[in-house]
Amino acid sequence: MRQHLVDAPHDWKGLGMDLLQGAPDHVLDHFGPDGSRFASAYLDNVVNIDGTPAEPIPITEDNSEGLEWGYVLHDQGTEVIALTWYNRGPTVSWGTDPLARVSGTPSLWAPDRPAPVQSRPTPLKITKPAAPPPATARPQVTR
């Protein structure tokens with residue numbers, strides 16, 4: 001994950017199916033049910049205003065104004081920080097189901113609370129209704 005998101009210059013807004021290489025088929029099918037397996041978008045031709053190649057800029061407290069979320073990649077998972085609310089955040093384990101529901105409410109990402117990630121709901125089991133009993137024959141009235 002770190003190699004894909006940090007070491008390679010990927011545009012995080014254009015992450016593709018290659019990020020999920022090795023994931024189970026049911027996960028891949030959920031994200032690309034139509035068979036589309038697009039690749040992540042690379043950041044290329046990124047230059048400074050003066051035309052020189054851009055260098056990575058470390059984010060610090062001094063230059064993070066305007067950012068809403070921060071992510072710190074740890075060996076055990078990703079620490080998610082809602083920058084508008086906290087200076088630290090809970091860690092989401094790398095083993096978290098990628099199909100789980102994740103809240104985007106910043107106030108829920110408190111460092112002293114578990115990450116607001118809910119496991120995905122179990123699919124509903126559809127059962128056929130019991131067949132109705134056969135209709136009883138009505139006496140036929142003749143005139």
Side-chain angles (χ1 to χ4, degrees), residues 1-140:
M1 181 68 82
R2 281 186 272 193
Q3 286 179 325
H4 193 85
L5 297 177
V6 178
D7 297 343
H10 286 106
D11 179 356
W12 283 32
K13 292 181 182 176
L15 294 175
M17 296 297 287
D18 51 337
L19 175 65
L20 298 174
Q21 183 177 6
D25 286 339
H26 75 277
V27 172
L28 296 174
D29 290 344
H30 178 80
F31 286 107
D34 59 354
S36 63
R37 298 284 193 256
F38 59 92
S40 296
Y42 280 92
L43 290 175
D44 53 1
N45 299 322
V46 179
V47 295
N48 294 318
I49 295 174
D50 64 3
T52 59
E55 294 291 324
I57 301 170
I59 302 298
T60 66
E61 287 182 33
D62 296 334
N63 68 357
S64 63
E65 187 175 323
L67 297 178
E68 295 178 20
W69 296 92
Y71 306 94
V72 181
L73 305 178
H74 298 283
D75 288 338
Q76 69 274 18
T78 303
E79 180 181 359
V80 181
I81 306 167
L83 296 174
T84 56
W85 288 80
Y86 301 104
N87 292 325
R88 296 303 308 236
T91 298
V92 179
S93 165
W94 292 119
T96 302
D97 182 349
L99 301 179
R101 293 179 182 210
V102 179
S103 172
T105 304
S107 61
L108 297 179
W109 289 89
D112 56 345
R113 297 172 68 177
V117 177
Q118 299 173 348
S119 53
R120 62 185 160 138
T122 352
L124 296 175
K125 186 175 181 180
I126 299 173
T127 56
K128 286 185 171 183
T136 55
R138 291 184 169 184
Q140 195 170 19

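Enclosure of atom CD in Gln76 by more than 12 non-hydrogen atoms of other residues, nucleotides or ligands within 6.0 angstrom is indicated. The neighbour count for Asn87 CG, taken as heavy atoms of other residues, nucleotides or ligands under 6.0 Å away, does not exceed 12.
Across all their heavy atoms, Pro114 and Pro90 have their closest contact at C-CB, 4.2 Å. Closest non-hydrogen pair, Gly89 versus Ile81, comes out as N-CG1, 3.7 Å.
Screening residues 101-114 for salt bridge (Lys or Arg N to Asp or Glu O under 4.0 Å) gives no qualifying pairs among residues at least two apart or on separate chains.
Residues Tyr71 and Val80 form a side-chain contact, since some pair of their non-hydrogen atoms from C-beta on lies under 4.5 Å apart. Contact annotation: the side chain of Asp75 never approaches that of Trp94 to less than 4.5 Å [non-hydrogen atoms, C-beta and beyond]. Annotation: side chain of Pro106 is in contact with side chain of Trp69 (closest heavy-atom distance under 4.5 Å).
Side-chain atoms of Glu79 never come within 3.5 Å of backbone atoms of Thr91 as a donor-acceptor pair (strictly under, hydrogens ignored). No donor-acceptor pair under 3.5 Å is formed between the side chain of Asn48 and the backbone N or O of Asp50. With Trp109 contributing its side chain and Pro116 its backbone, the two residues share no donor-acceptor pair below 3.5 Å.
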